[in-house]
Amino acid sequence: MFTFVAARQKPLIIPVFIPHLGCKKLCAFCNQRDVTGVTEPSLEDVENAVKSYLSWSKPRERTEISFYGGTFTALPHEKMMNYIRKGAEFVENGTVNALRCSTRPDEIDEERGEILKNNHFETVELGVQSMSEKLLEKMRRGHSAKCVEKAAELLKNAGISAGLQFMTGFPGETEEDVMLSCSSLSVLKPDFIRIYPFVPLKNTPVCNDLEAGKLKMESAGTILERTAALFLAAMKLKIPVIRIGLPQSSDVPKVYPDNLFQVVVAKAIERLAEEGEREFCIPESFRTSFNMAKKRFPFIEKL
Ligand code: SF4
């Protein structure tokens, strides 16, 4: 029997986008300004965003403010501390439970880990993208796979949950590149991962190269298969996958089906059925995917 895992507790995450702030250079695929549609938020913007989110969202057991879309720990120190203090006000008055942020693996060290730990940050998401050195270079990431290992370990040692963000389907990616990311999970032991299948965002070097015919986009089917492989590698290690795909917006080209998460999970179940697995223990949230896979493999069972 194969047992799938889902995130045990999904906090309400209030996103505060800091598009590209702290990024010393831009990765080949990234255009946070178009994806998020915002520029640098002032402290007042942060306060208003949090209050407005809380006014319309359904209450959940846990609420966290997250600084996303840039390299939070590479912000100039005072700017980072100002955002931290603003977020901490909400934790200290009991409105939210914790803070979190995303950052680059080469922009976290013991000192910054300590600052986060001492200021209500319980989770840090590292933009990893791939554990293939070759692909990291093509993506113009500017850090190595080894650096990801160090950063994940550092967060664990600091007592901070580590989430890793991967990309699948970057032009030029090979099956071997994906396998390197899959096999790295047992070493990195993240608390959760997110997977972003590649989308060509306008005004990025990779999109320009695709338009000029210098690069070729992998087919959506191939990218979905690779995403399913990474998803499955996480499931085998009982690592929850908390999101697959970018939020939809008019600036994000539509490459994948709307029910991307369900499709990927269904592909993972089908892959296991092809390998001979017949019995599955699945979280309620994966039921639709199981029913999708059952159309191809009617003999599989949910226990
Ligand atoms: S992927 Fe991350 S590090 Fe790279 S440009 Fe985008 S926000 Fe900055």
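The analysis underlying the following values was restricted to heavy atoms, covering all of them including side chains, and did not include hydrogens, waters or symmetry mates. Both ligands and their constituent atoms are indexed starting at 1 by order of listing.
- When hydrogens are left out, the protein atom nearest atom 6 (Fe) of ligand 1 is C30 SG, 2.3 Å; that is the closest non-hydrogen contact.
- Distances from atom 4 (Fe) of ligand 1 show that C27 has an N/O/S atom below 2.8 Å.
- The shortest heavy-atom distance from S102 to ligand 1 is not under 4.0 Å.
- Note on C23: counted as a metal contact of atom 8 (Fe) of ligand 1, an N/O/S atom lying under 2.8 Å.
- A donor-acceptor contact shorter than 3.5 Å links the side chain of R226 to the backbone of E173.
- Ring geometry, Y53 versus W56: the interplanar angle falls from 30° to 60°, so the pair is classed tilted.
- Of the N and O atoms on the side chains of E110 and N157, not one donor lies less than 3.5 Å from an acceptor on the other residue.
- Of all atoms in ligand 1, numbered sequentially from 1 with element shown, those under 4.0 Å from a heavy atom of R104 are 3 (S).
- You'll find the side chain of P253 reaches within 4.5 Å of the side chain of L201, heavy atoms only.
- Within ligand 1, counting atoms from 1 as listed, the ones closer than 4.0 Å to a heavy atom of G69 are 7 (S).
- In the model, D177 has a side-chain atom that pairs as donor or acceptor with a side-chain atom of T174 under 3.5 Å.
- The 12-atom threshold is exceeded at CZ of R85, counting heavy atoms of other residues, nucleotides or ligands nearer than 6.0 Å.
- Atoms of ligand 1 lying under 4.0 Å from any heavy atom of F29, numbered from 1 in the order shown and given with element: 1 (S).
- Scanning all protein heavy atoms for the shortest distance to atom 2 (Fe) of ligand 1 gives R141 NH1, 4.0 Å.
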